[in-house]
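Step one of this worksheet: look at the structure below.
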Amino acid sequence: ANVTMGVGNGAGITLSQGANNSYIFNNTLGNQFLGINITSINNGIIEKNVINIFYNQATYGIYLRDSQNNTLYLNNITSFGLALYVTASSKNNITNNIAFSNSSEAILLGTSSKNNLSYNIGASNSSGTFGAITIDSFSPNNILFSNNGTSNSSSGIYITSSDNNVTSNIGNTNSTLRDGISISTDNVTFNSNTGNSSGGNGIFLRVSLNSNSTSNIGYSNSSSGIYI
């Protein structure tokens, strides 16, 4: 598909059950309520799309639900709402995307497992979220590698689900209260990450039973570099 769209109250592109093996490439989507809606799709490729949603009732830039074995690669998403939301999905490769949100998370995985989230950049201006890049509850066994999460008022990277591998990521926050990287769960492999915070902790490991944590670096202007 190659689509250029303007303002509208629906979704720019919708893929639903039966549209497996789809290739969504090089589309430009404007002020839709939802940019790309992907539900119950397997083995699709969503690549090099530009999504700019400034509609003040927007929900998601890219919404991936109940889907497996898809590739989201080199998409550039700017959204008033949540930029990239993955829910009830597994075994997807989400790599080299740029996601920005003005009022929510840039990238959120919820109730999703065994996904590869690598080399993404997520940025958020919102104070009402956990982190620019967030791995929410009931989302185990994901790989987070070499992502960069930055927020002006929440954590750069925030994880509340166990059994994830978190390696070589950077989490930044300009907030005086939040942490650059915040981990609130057990059984996490957490190695070679860097957390930066203006006022909170660079890295905060709230609960870390049975976790492996090595070679991490934390910076803070007024609190702990790494707090365990």
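Note that the structure is predicted; figures quoted are calculated from it, not measured. Throughout, residue positions are numbered sequentially from 1 according to the sequence presented.
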Original post:
For the side chain of Ser182 and the backbone of Ile157, is there at least one donor-acceptor N/O pair under 3.5 Å apart?
Top reply: no

Subject >> Minimal non-hydrogen separation, Asn174 against Ser198, with atom names >> reply: CA-OG, 3.4 Å

Original post:
Nearest heavy-atom pair of Ser101 and Gly81: which atoms, and what distance?
Top reply: OG-O, 2.5 Å

Original post:
Judged by atom type as modelled, is there a donor-acceptor pair below 3.5 Å linking the side chain of Ser162 to the main-chain atoms of Asn187?
Top reply: no

Original post:
So, Tyr85 and Glu105: side-chain donor and acceptor under 3.5 Å apart, yes or no?
Top reply: no

Subject >> ring pair (Phe, Tyr, Trp, His ring centres under 6.0 Å) partners of Phe100, counting only residues at least two apart >> reply: none

Original post:
What are the two closest heavy atoms between Ser139 and Leu109, and how far apart are they?
Top reply: OG-O, 3.6 Å

**OP:** With sequence neighbours left out, write down each residue that passes side-chain contact (heavy atoms from CB on, under 4.5 Å) with Ala19, or none if nothing qualifies.
**Re:** Leu15, Ser22, Ile41

Subject >> side chain to side chain contact (heavy atoms under 4.5 Å, CB included) evaluation trace for Ile94 with Leu84 >> reply: CA-CA 10 Å; Ile94 304 163; Leu84 174 55; 3.8 Å; yes

**OP:** Under the side chain to side chain donor-acceptor pair (under 3.5 Å) rule, collect the residues that match up with Ser175, sequence neighbours excluded.
**Re:** none

Original post:
Does the pair Asn141 and Asp163 meet the rule for a side-chain hydrogen bond (donor to acceptor under 3.5 Å, both in side chains), with working shown?
Top reply: CA-CA 5 Å; Asn141 300 309; Asp163 299 295; 5.7 Å; no

**OP:** Verify, without hydrogens or angle tests, whether Asn193 (side chain) and Asn169 (backbone) share a donor-acceptor contact under 3.5 angstrom.
**Re:** yes

Original post:
Can you find a heavy atom in the side chain of Asn191 that is under 4.5 Å from one in the side chain of Asn212?
Top reply: yes

**OP:** Go through Ile46 and Thr71 one step at a time and tell me if the side chain to side chain contact (heavy atoms under 4.5 Å, CB included) criterion holds.
**Re:** CA-CA 6 Å; Ile46 296 87; Thr71 297; over 6 Å; no

Subject >> Main-chain N/O of Asn125 paired with Ser153 side-chain donor or acceptor, under 3.5 Å >> reply: yes

Subject >> Check ion pair Asp179-Arg206 (N to O, under 4.0 angstrom) >> reply: yes

Subject >> Backbone N/O of Ile24 and side chain of Asn49: donor-acceptor pair under 3.5 Å >> reply: yes

Subject >> CA sep, side-chain torsions, deciding dist, call: Ile62, Ile51, side chain to side chain contact (heavy atoms under 4.5 Å, CB included) >> reply: CA-CA 8 Å; Ile62 294 179; Ile51 302 168; 3.5 Å; yes

**OP:** Find out whether Asn97 and Ile121 are in side-chain contact, i.e. whether some heavy atom of one side chain is under 4.5 Å from a heavy atom of the other.
**Re:** no

Original post:
Any side-chain donor-acceptor pair under 3.5 Å between Asn165 and Thr167?
Top reply: yes

**OP:** Could you pull out all residues at least two apart from Ser137 that satisfy side-chain contact (heavy atoms from CB on, under 4.5 Å)?
**Re:** Thr160

Original post:
side-chain contact (heavy atoms from CB on, under 4.5 Å) with Asn116: which residues, sequence neighbours excluded?
Top reply: Asn93, Thr95, Ser118, Ile143

Original post:
What's in the same ILVMFWY side-chain cluster as Tyr227, cut-off under 4.5 Å, chained through other members?
Top reply: Phe204

Subject >> Closest approach of Ala132 to Thr150 (non-hydrogen atoms, all atoms of both residues) >> reply: CB-O, 3.4 Å

Subject >> Partners meeting side chain to side chain donor-acceptor pair (under 3.5 Å) with Asn196 (sequence neighbours left out) >> reply: Asn172

Original post:
Hydrophobic cluster mates of Ile217, side-chain heavy atoms under 4.5 angstrom, ILVMFWY only, any path?
Top reply: Tyr219

Subject >> All side-chain contact (heavy atoms from CB on, under 4.5 Å) counterparts of Asn52, not counting sequence neighbours >> reply: Val50, Phe54, Thr78

Original post:
side chain to side chain donor-acceptor pair (under 3.5 Å) with Asn96: which residues, sequence neighbours excluded?
Top reply: none

**OP:** Only pairs at least two apart or in different chains count here, so list each ring-ring contact (aromatic ring centres under 6.0 Å, His included) that has a residue in residues 165-194.
**Re:** none

Subject >> Shortest non-hydrogen separation from Ser197 to Gly180 and the atoms involved >> reply: CB-N, 3.8 Å

Original post:
Only one of Ser89, Pro140, Ser90, Ser67 clears side-chain contact (heavy atoms from CB on, under 4.5 Å) with Ser112; which?
Top reply: Ser89

Original post:
Without hydrogens or angle criteria, can the side chains of Ser220 and Asn201 be said to hold a donor-acceptor pair below 3.5 Å?
Top reply: no

**OP:** Please confirm whether the backbone N or O of Asn92 pairs with a side-chain atom of Asn69, one donor and one acceptor, at under 3.5 Å?
**Re:** no

Subject >> Candidate pair Asn142 and Asn164, rule side-chain hydrogen bond (donor to acceptor under 3.5 Å, both in side chains), full reasoning >> reply: CA-CA 5 Å; Asn142 296 289; Asn164 287 293; 3.2 Å; yes

Original post:
Hey, is the main chain of Asn147 close enough, under 3.5 Å, to the side chain of Asn120 for a donor-acceptor pair?
Top reply: no

Original post:
What pairs meet the ring-ring contact (aromatic ring centres under 6.0 Å, His included) rule with one or both residues in residues 144-175, with sequence neighbours excluded?
Top reply: Tyr119-Phe145, Phe130-Tyr158

**OP:** Applying side chain to side chain contact (heavy atoms under 4.5 Å, CB included), run through Ile159 and Leu144 and close with a yes or a no.
**Re:** CA-CA 10 Å; Ile159 298 171; Leu144 281 75; 4.1 Å; yes

